[in-house]
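In the text below, chain A, chain B and the rest are named by the order of the sequence lines, each starting its count at 1. Just so it is clear, the model here is predicted, and its values are computed rather than measured.
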Amino acid sequence: MIPLTRPAGPVPSPFNADQQARFDAGFAKAIAKYPADKKRAALLAVLHLAQEQLGWLPEAAMAYVGFLLDVPAVRVREVATFYTMYRLKPVGCHHLEICNSVSCWSKGSEALLKHAKEKLGVHAGEVTPDGKFSFGEVACLAGCGYAPSMVVNNYAYAEDMTPEKFDALIEKLKNEPGQNIADFPKNHDTGRAHG
Amino acid sequence: MANLPTPPMPLPQTSPVKILTRDWHLPECWTLENYLKGGGYQALPKALKMAPQAIVDEVVKGNLRGRGGAGFPTGMKWNFVRKETSFPKYLVVNADEGEPGTFKDRAILEWAPHMFVEGLIIGCFAIDCHVTYVYCRGEFRDGPVARLQTAIDEAYAKGWLGKNILGSGFDLEMHVVRGAGAYICGEETALLESLEGKKGYPRLKPPFPANAGGGLFKQPTAVNNVETLANMPAIIEKGGDWFSSVGCPKNGGTRLFAVSGHSKKTGVFEAPMGTTFTALLNDYCGGMRDGSTLKAIIPGGSSSAIMTAEEAEWMSDFDTLKTKKTMAGSGAVVFLDQSVNMAHALANVTRFYATESCGQCTPCREGTAWLSRLLDKLCRGEGEKKDVDNIHQIARQMEQKTICALADGAAMPVKSYIEKFRGDFDALVKG
């Protein structure tokens, strides 16, 4: 059950020491952008920051963020479930998102999605058994002139994709650590309406 | 995380009048050094010596229209904010480019970040704003946002941002913030909600963002597009009359057309406002790809009404396309060839709106999902003739009934695809 009120006492941090240091530095910068009485406005930025440390947003991270910004847990969760870049369950170390908006579609994104499913041996939204890869369908990435386009782990664009280039990308990523995915109990109900 | 380099975007062909793409032929055109060589930051000292109202007057004279999609006159918007007596006032930049087909703001942030920063400083001075936020789409972190942040840091170091800019007494803080993947946050009031740390539900208007009570933190706020602001240095340097003379009546300046689909060349092209689609295709994009013929044109992002190949002679300005019952929108042009079945294309477009509807208003939440299910059924070969009529009917029922324009943006393609390409839909009907 998601509490509707603010927590009574301090909420423990979900981060280890390194993660905490990076998080704290980013947190100070994020809230400095807004008027002192409006720090709630930094919620999206702070959720990004938490996800960058953990690879996804476990319930413990949302509770901690809510505590820091003095936002009820239900409001944090409302935001985390609304925006597609927040991961409510663990993804692969390399999470690939293939754009299927009309421009990419006209240049073969459906075939690329089918190829990704065959190459990785999992469906969209699932993680490979070794935990290395997962993929999904998104729209639109603003890469329409260089279609089909995709992003790796939310930020690294790969454009003018073909099945061959996709295979080469997978080979390259296999040897890279990718993002760390924190080992937390899975959120009991991801219940997202979007994406 | 994987450290993949962002591939450099191919540099587009030149236009007869170059405003926004002035430096794009240079290698590393985004650096401060190259921007200064091309005449950068000469408009700023000139603007700071002008009266703020005189700047807005030049913008009005220049017929600068908002490049985000609606084409609202920028000068008029700024006059609304100027009339308000409540302070602080904000200028919020919409860089949450998300309309399918659109990638021109990304190009400005990647290749001309200083032109945008200079334009934004001038815009803030004109409406007496001292804190500005650039709301960028989340995925832009390592590419466009990194370039923009470098440009902002350089501007602070040079004294073009911060306290007492160039001795004028004008102070300005510029912040970049990021969204997290929600198409609806490109709608200006949803963007403001998101900027306040909330889910992106559009607000009921009035009050409008320009008015007290309607903007960021309830303060008067101008929300402007990246490309709109990037035009400011040219307007200050050369004047509103000159800017208006480029382009066509009531539509001043050039436009960045983001071209995708089946033309030989795709990418971002600068052309005068009103350039016909035939000229854009043939003179800028080298025609259609080999062995293909033009079938349809999406003129201004996926929510604009579709055009047939015969309609390619239409001018692309805001007013012409409005009279033709479509829209210039975000300047995202998709040329589609004969290989495309328009019912399949529409199913793709509609799935996007069904996914991205924020869910606040029933006609949109239910309507987009219903349309998407019916179109998918048709594309699986299970549709009946009455389904096609039903799809058209549902779209008509969704229009003008919701808080924001997403439902209208979903309905406009549905109606037009069916009206103009009915044969493609009937061909999929079973039996």
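Looking at B:L336, only its side chain comes within 4.5 Å of chain A, counting heavy atoms on both sides. With a 4.5 Å cut-off on non-hydrogen atoms, B:Y133 touches chain A through its side chain but not through its backbone. Only the side chain of A:E110 comes within contact range of chain B, judged by heavy atoms closer than 4.5 Å. Only the backbone of B:T102 comes within contact range of chain A, with heavy atoms under 4.5 Å apart. Proximity to chain A (any heavy atom under 4.5 Å) is restricted, for B:E99, to the backbone atoms N, CA, C and O. In this structure, the portions of B:A345 lying under 4.5 Å from any heavy atom of chain A include both its backbone and its side chain. Contact annotation for B:S194: both backbone and side-chain heavy atoms come within less than 4.5 Å of a heavy atom of chain A. Only the backbone of B:V259 comes within less than 4.5 Å of a heavy atom of chain A; no side-chain atom from C-beta onward does.
Between the SG atom of A:C144 and the CD atom of B:E97 there is a distance of 7.5 Å, given to the nearest 0.5 Å. Going from atom CD of A:E159 over to atom CZ of B:F103 covers 9.5 Å, rounded to the nearest 0.5 Å. Distance OG/A:S101 to OH/B:Y183: 11.0 Å, rounded to 0.5 Å.
Formation of a donor-acceptor pair under 3.5 Å by the A:H48 side chain with backbone atoms of B:G179 is found in this model. In terms of modelled atom types and a separation under 3.5 Å, the side chain of B:K198 and the main chain of A:V79 share no donor-acceptor contact. For the pair A:S103 (side chain) and B:G261 (backbone), a donor-acceptor distance under 3.5 Å is absent.
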Practice item. Using the salt bridge (charged side-chain N to carboxylate O under 4.0 Å, His left out) rule, take A:R75 and B:E196 through it: C-alpha gap first, then chi angles, then the decisive distance, then the call. Key: CA-CA 12 Å; A:R75 295 282 166 232; B:E196 293 178 6; over 6 Å; no
Exercise for review: Walk me through it: do A:Y146 and B:S260 pass the test side-chain hydrogen bond (donor to acceptor under 3.5 Å, both in side chains)?
Suggested key: CA-CA 8 Å; A:Y146 324 98; B:S260 60; over 6 Å; no
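Against chain B, the residues from residues 33-47 of chain A that qualify, each with a non-hydrogen atom under 4.5 angstrom away, are A:K33, A:Y34, A:P35, A:K38, A:R40, A:A41, A:L43, A:L44 in number order.
Between B:N348 and A:N100, the shortest heavy-atom contact is ND2-O, 2.9 Å. Taking both residues in full, the closest heavy atoms of A:Y83 and B:A180 are given as CB-O, 3.2 Å, listed atom of the first, atom of the second, then distance. In this structure, A:A142 and B:F140 approach most closely via the heavy-atom pair CB-CZ, 3.9 Å. In terms of heavy atoms, A:W105 sits closest to B:N341 at CH2-O, 4.4 Å. Contact between B:P100 and A:C140 at its shortest, heavy atoms only, is CA-SG, 3.6 Å.
Ranking B:G200, B:G98, B:S263 against chain A, the residue ahead of the rest is B:G200, based on heavy-atom pairs under 4.5 Å.
With a 4.5 Å cut-off on side-chain heavy atoms, B:R106 and A:Y157 count as touching. At least one side-chain heavy atom of A:F82 sits less than 4.5 Å from a side-chain heavy atom of B:C358. With contacts defined as side-chain heavy-atom distances shorter than 4.5 Å, the pair B:R141/A:E52 qualifies. Counting heavy atoms from C-beta on, the side chains of B:E139 and A:V138 never come closer than 4.5 Å.
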